[in-house]
Amino acid sequence: MYLYKNPKYYEIAFSFRNISNEVDFFEKAIKKFSKVKVRKIFELASGNSPYLEEWHKRGYKYYGLDLNREMLNFVEARAKEKEIKTRLFRANMNKFSLGKTKVDLIYVLLGSLYVKSNDDFFNHLDSVAKVLKSGGLYVLDGVVWFNILSDNKQRWTISKQGIKIKTTFRAKVVDPTTQIFREDVILDILDHEEKKQLRSNDIRKFFFPQEFLALIKCHNKFKFLGWFDNFDINKPATPKGRQIVVLRKK
Ligand SMILES: C[S@@+](CC[C@H](N)C(=O)[O-])C[C@H]1O[C@@H](n2cnc3c(N)ncnc32)[C@H](O)[C@@H]1O
């Protein structure tokens, strides 16, 4: 069974995050770098929209975009239940538009940049630039690789609501020339008495730090402002942390 068509299990498996702390980082980045007043926040590859309730609590309006109908339905139902006004879009993050609507900040989480080449990346940046106000931030979590050419394998287990999920994550370099890697995620689930397994296998391009900077310069619609470790605005990125890049639209 495909992981992203099962938002309930995805949400439990990826609930290791400290949402309030992560959103604090965004507010600090806005204060430090944004040149626009921020009210409309837009998440790309939004999945289960993990920050939805936190943004709402802090007075922001949340927009999300994802390819998967199941993820969008899941978020729509939650927003309705919690009486949160939101706008959700089903589209590819490499070619999208919101008509005349512009947002004040855009972000991706957990390395969810689904591009296979630099051309895809430029198309993606063109779409982001069309929708983001000038002076607004684009924040990318886990997109730039600081652990040069090493395969990344992680395992963790989370139990909630009578459901136990063992997650195995592996990012394996498939072709060093095109810088393509395969991300395999396997969820081994024990839902009360029932055993299930969910998987996803996505092929994507990875970006080295200096390559990423050169591409941003060459694309020319964004300014690089910094990279940070583990949602700490005072800590520059290191190979060991979760690295977050902050760009601003020119
Ligand atoms: C790892 S999940 C991230 C979900 C959420 N942002 C989070 O932080 O937990 C990746 C999401 O990207 C979506 N996705 C994959 N390829 C996409 C694409 N080309 N355009 C938009 N969404 C995509 C999947 O449906 C999935 O919901």
Side-chain angles (χ1 to χ4, degrees), residues 16-46 50-51 54-55 58 60 62-63 65 93-94 102-115 118 120-150 152 154 171 179 181 204-250:
F16 52 79
R17 294 173 271 187
N18 182 337
I19 302 290
S20 160
N21 190 46
E22 294 184 11
V23 175
D24 282 350
F25 169 85
F26 277 79
E27 286 197 318
K28 285 178 192 158
I30 290 167
K31 200 166 171 202
K32 191 164 180 181
F33 298 122
S34 181
K35 290 194 170 169
V36 295
K37 187 168 161 34
V38 177
R39 212 184 80 76
K40 289 181 189 159
I41 305 269
F42 188 25
E43 178 175 8
L44 303 177
S46 50
Y51 295 176
E54 192 65 29
W55 285 128
R58 298 184 191 207
Y60 299 92
Y62 176 89
Y63 291 57
L65 175 148
M93 68 192 306
N94 300 325
K102 294 249 182 197
V103 298
D104 309 314
L105 181 141
I106 299 187
Y107 65 94
V108 290
L109 296 176
L110 297 180
S112 306
L113 179 66
Y114 290 87
V115 302
N118 289 346
D120 282 357
F121 184 47
F122 276 20
N123 289 334
H124 166 78
L125 289 177
D126 286 342
S127 290
V128 173
K130 257 191 247 155
V131 169
L132 183 62
K133 284 185 192 157
S134 284
L137 303 184
Y138 181 29
V139 179
L140 302 100
D141 158 37
V143 165
V144 180
W145 281 30
F146 286 69
N147 244 334
I148 310 288
L149 283 183
S150 64
N152 176 355
Q154 297 172 44
Q179 295 179 207
F181 72 100
R204 285 189 272 156
K205 180 182 184 291
F206 59 88
F207 295 92
F208 292 125
Q210 295 307 314
E211 173 198 19
F212 185 84
L213 292 184
L215 288 170
I216 294 302
K217 215 171 192 175
C218 174
H219 182 266
N220 204 24
K221 289 185 184 144
F222 295 87
K223 181 177 164 58
F224 170 81
L225 298 168
W227 34 47
F228 305 92
D229 235 15
N230 297 329
F231 294 91
D232 182 345
I233 198 88
N234 297 311
K235 198 166 172 234
T238 68
K240 284 197 177 137
R242 193 168 144 197
Q243 301 95 10
I244 299 112
V245 175
V246 181
L247 307 175
R248 185 172 60 220
K249 193 187 151 195
K250 290 182 180 171

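A side-chain donor from one of N220 and K250 sits under 3.5 Å from a side-chain acceptor of the other.
A pairwise comparison of heavy atoms in A237 and Q243 identifies CB-CG, 3.7 Å as the closest pair. Closest of all the heavy-atom pairs between G136 and S34 is CA-OG, 4.4 Å.
Classification of the W227-F224 ring pair by plane angle, with boundaries at 30° and 60°, yields perpendicular. Relative ring orientation between F181 and W145 is described as tilted, the plane-to-plane angle lying within the 30° to 60° band.
Interatomic distance, R242 CZ to E22 CD, rounded to the nearest 0.5 Å: 4.5 Å. With rounding to the nearest 0.5 angstrom, the OG atom of S20 is 14.5 Å from the CZ atom of F25. Atoms NZ and CG, on K221 and L125 in that order, are 8.5 Å from each other to the nearest 0.5 Å. Considering CG of L137 and CD1 of I106, their distance stands at 10.5 Å, rounded to 0.5 Å. To the nearest 0.5 Å, the span separating NE2 on H219 from CG on L247 amounts to 10.5 Å. Distance check: K130 NZ to L132 CG gives 13.5 Å after rounding to the nearest 0.5 Å.
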Kindly list each side-chain donor-acceptor pair under 3.5 angstrom involving residues 205-218, sequence neighbours excluded, with atom names and distances?
| unit_1 | atom_1 | unit_2 | atom_2 | d |
| --- | --- | --- | --- | --- |
| K205 | NZ | N118 | OD1 | 3.2 |
| K205 | NZ | E211 | OE2 | 2.6 |
| E211 | OE1 | Q179 | NE2 | 2.9 |
| E211 | OE1 | F208 | N | 3.0 |
| E211 | OE2 | Q179 | NE2 | 3.4 |

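Evaluated for a ring pair (Phe, Tyr, Trp, His ring centres under 6.0 Å) with Y107, the options F231, F42, Y138, Y51 yield exactly one hit, Y51.
Under a 3.5 Å cut-off, the side chain of R204 and the backbone N or O of G111 do form a donor-acceptor pair. Listed for the S134 side chain is no donor-acceptor partner under 3.5 Å among the backbone atoms of K249.
For the pair L113/M93, a side-chain contact is recorded, criterion being any heavy-atom separation below 4.5 Å from C-beta on. Side-chain contact between L109 and E43 is present, with heavy atoms from C-beta onward closer than 4.5 Å. At least one side-chain heavy atom of F33 sits less than 4.5 Å from a side-chain heavy atom of I233. Contact annotation: the side chain of Y60 never approaches that of L105 to less than 4.5 Å [non-hydrogen atoms, C-beta and beyond]. In this structure, the side chains of D141 and L110 come closer than 4.5 Å at one or more pairs of heavy atoms.
The pair D104-K133 meets the salt-bridge criterion, since a charged nitrogen lies less than 4.0 angstrom from a carboxylate oxygen. Residues D229 and K240 are not paired through a salt bridge, judged by the lack of any N-O separation under 4.0 Å between the basic side chain and the carboxylate.
The side-chain hydrogen bond (donor to acceptor under 3.5 Å, both in side chains) check on R58 picks up D24, E27, E54, with sequence neighbours excluded.
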